[in-house]
2 protein chains.
Amino acid sequence: MPSVTRSVARHKGRSSELEQRVLSSVLRLLADGTRYTELPVQRILEEAGIARSTFYHYFPDKAQLLIKLAELATADIWQSAEQWWRSDHSDGETGLVPVLLTAITQVRENRLVLRAIREVAAYDRTVAEYWISRMTPYLELSRSRLEELRAAGKIGEWVDPARTAQIMAWTMERVVGLHHIPPEDDERWATALARSAWLIIYGDAP
Amino acid sequence: MPSVTRSVARHKGRSSELEQRVLSSVLRLLADGTRYTELPVQRILEEAGIARSTFYHYFPDKAQLLIKLAELATADIWQSAEQWWRSDHSDGETGLVPVLLTAITQVRENRLVLRAIREVAAYDRTVAEYWISRMTPYLELSRSRLEELRAAGKIGEWVDPARTAQIMAWTMERVVGLHHIPPEDDERWATALARSAWLIIYGDAP
DNA sequence: CTCTTGACCGAACACAGTGTTCGGTCGCAT
DNA sequence: ATGCGACCGAACACTGTGTTCGGTCAAGAG
């Protein structure tokens, strides 16, 4: 007997049906290129068919709604890059191309939310802080790997691990997030980015 | 008789003294890390010591004020960046590195405005359009120089001029736009950026 | 069947920010 | 002395955010 126990979902299950409705409404509204900033709460309410007070019962404010959205969209976005950092890089620059290709594809899949989070992070301190904290584990990983590589003499001593890790990460964030990279150019971009990343790390290796 | 003809500057000279006062007031207000978005016109008025109506007489809106600011800041940047791209890349690293460092210094000196323009361009279509149009000629210059260098065999044949130009430009834009870079680390950042830029161009030169 | 509870509604409100309007002041040139 | 243009300053319209609070409705408990 499938004990579905339907009505138990009354605001208990970690994410009520109504909350879900709001999230997908926002996605729908962002789809036509509307900026998150220029999207009034009122529009979201209409689209989701809920009352203002209900909205603010579920989300403390508009920013938190966006963060919730980002949390879901970026769950495994760094995975393939992290894996590369942990590897021994024996396949050289070539090994980086598929990593970048994956990143480009994944960013495209979540482009609406990523665009919005980057947009709001640019001026809202709360969202900015969230976004950086989301980025930090990745930054930490690449920094520590650069330090190891440097200690092992595998890369040039002029590499500044902390700064270099950030330059690389934010470059990818910026460039991969460029609006309107036509899919047919993915390969070229992945190659160009892989080359840049590789040279920033190994370009002046002994 | 020194015919100073003072009052001729009465709103005729391309940039009245008062307009200048507004511009520098904004810079002063941005200096402590305040986002342009969270800077009320009221604060600008107080800082510049002018009336609201006067402000709107000089600037159609807050966005145009920012654009004006960016116009001036980027003029300096483009100049030193162009100097970098046009300088003779044949006599090796010694003559070139100082020029690169100068260009990066120029970018960093204008970081307040760059941050602001980047911030607002993220959500305001007018500013976004301006920013892209401002960036395009520069991207074009970089691209064509990379092409020449490649044709002349001075840089690696794996360089993709169009994409590499963009990667370099957006990297600078992104990294300079980061908030919370402790001032005491400035030097390290400049060095790390210069190294990255250099390697992206010359890292795999023949 | 009545009573309670909690999810949701909806209208009003306080507040902050942008850009407009318009009458008024002041200095300067004719 | 008069007119003009730069500037002031207060009021206003408008848009958007987040809060408040009384009210509806359905479901479950006694």
Side-chain angles (χ1 to χ4, degrees), chain A residues 3-23 25-26 29-30 34-69 116 119-120 122-127, chain B residues 1 3-23 25-26 29-30 34-69 116 119-120 123-127:
Chain A
S3 137
V4 193
T5 325
R6 322 284 264 36
S7 70
V8 173
R10 268 180 162 273
H11 211 196
K12 279 188 172 174
R14 29 178 269 292
S15 182
S16 78
E17 185 266 341
L18 196 144
E19 186 174 326
Q20 218 52 43
R21 219 162 75 209
V22 173
L23 297 178
S25 297
V26 172
L29 291 167
L30 289 177
T34 306
R35 312 292 199 258
Y36 190 73
T37 308
E38 66 190 26
L39 182 64
V41 172
Q42 180 62 28
R43 276 298 281 115
I44 302 176
L45 303 180
E46 287 163 6
E47 183 73 17
I50 64 169
R52 192 171 196 80
S53 47
T54 309
F55 175 90
Y56 282 104
H57 170 74
Y58 280 91
F59 305 97
D61 54 41
K62 212 181 143 193
Q64 288 304 315
L65 160 57
L66 178 56
I67 288 178
K68 186 89 183 186
L69 223 33
E119 167 195 328
V120 179
Y123 64 90
D124 181 292
R125 289 164 195 267
T126 312
V127 174
Chain B
M1 192 208 83
S3 143
V4 193
T5 326
R6 325 281 267 32
S7 69
V8 173
R10 267 173 165 276
H11 211 193
K12 277 189 171 174
R14 19 182 274 292
S15 182
S16 78
E17 184 266 342
L18 196 146
E19 187 175 325
Q20 217 52 45
R21 219 162 76 209
V22 172
L23 297 178
S25 297
V26 172
L29 291 167
L30 289 178
T34 307
R35 313 299 199 256
Y36 191 73
T37 308
E38 66 190 25
L39 182 65
V41 172
Q42 180 62 30
R43 275 299 281 116
I44 302 176
L45 303 179
E46 288 163 7
E47 182 73 18
I50 64 169
R52 192 171 196 80
S53 46
T54 310
F55 175 91
Y56 282 103
H57 171 72
Y58 280 91
F59 306 97
D61 54 42
K62 212 181 144 194
Q64 288 303 315
L65 160 57
L66 179 55
I67 288 179
K68 186 88 183 187
L69 225 33
E119 166 195 326
V120 179
Y123 64 89
D124 182 296
R125 290 163 195 270
T126 312
V127 175

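Note that the structure is a prediction, hence the values are computed from the model and not measured.
Of the candidates dT19(D), dG16(D), dT18(C), the closest approach to any side-chain atom of V41(B) belongs to dT18(C). For P40(A), counting side-chain heavy atoms from C-beta on, the closest listed nucleotide (dG16(D), dG19(C), dC9(C)) is dG16(D). Set against dC8(D), dC8(C), dT19(D), the side chain of A51(B) has dC8(D) as its closest nucleotide.
dG18(D) atom P lies 8 Å from atom CZ of F55(A), rounded to whole Å. What separates CG of L45(B) from C1' of dT18(C) is a distance of 11 Å, to the nearest Å. In this structure, R35(B) atom CZ and dG17(C) atom C1' are separated by 19 Å, rounded to whole Å. One atom, CD of Q42(A), and another, P of dT17(D), lie 9 Å apart when rounded to the nearest Å. One interatomic measurement links the two molecules: CZ of R43(A) to P of dT17(D), which rounds to 13 Å at whole-angstrom precision. Per the geometry, NE2 belonging to H57(B) stands 11 Å off P belonging to dG5(D), to the nearest Å. Atom CD1 in I50(A) sits roughly 14 Å away from atom C1' in dG18(D) (whole-Å rounding). One atom, CZ of R52(A), and another, P of dG16(D), lie 10 Å apart when rounded to the nearest Å.
For Y58(B) and dC7(D), the shortest distance from a side-chain N or O to OP1 or OP2 is below 4.0 Å. For dC8(C), the OP1/OP2 oxygens have no side-chain nitrogen or oxygen of S53(A) closer than 4.0 Å. The shortest distance between the side-chain N/O atoms of Y56(B) and the OP1/OP2 oxygens of dT20(C) is not below 4.0 Å.
Along DNA chain D, the nucleotide nearest P60(A) and the nucleotide nearest E38(A) are compared for position; the residue whose nucleotide lies closer to the 5' end is E38(A).
Side-chain N or O atoms of Y36(A) include none that pairs as donor or acceptor with a backbone N or O of V26(A) at under 3.5 Å.
Contacts of E47(A) classified as salt bridge (Lys or Arg N to Asp or Glu O under 4.0 Å), with partners at least two apart in sequence or in another chain: R28(A).
Atom CG of L69(B) and atom CG of L30(B) lie 7.0 Å apart (nearest 0.5 Å).
Minimum heavy-atom separation, E19(A) to F59(A): CG-CZ, 3.6 Å.
No side-chain heavy atom of Q20(A) sits less than 4.5 Å from a side-chain heavy atom of E17(A).
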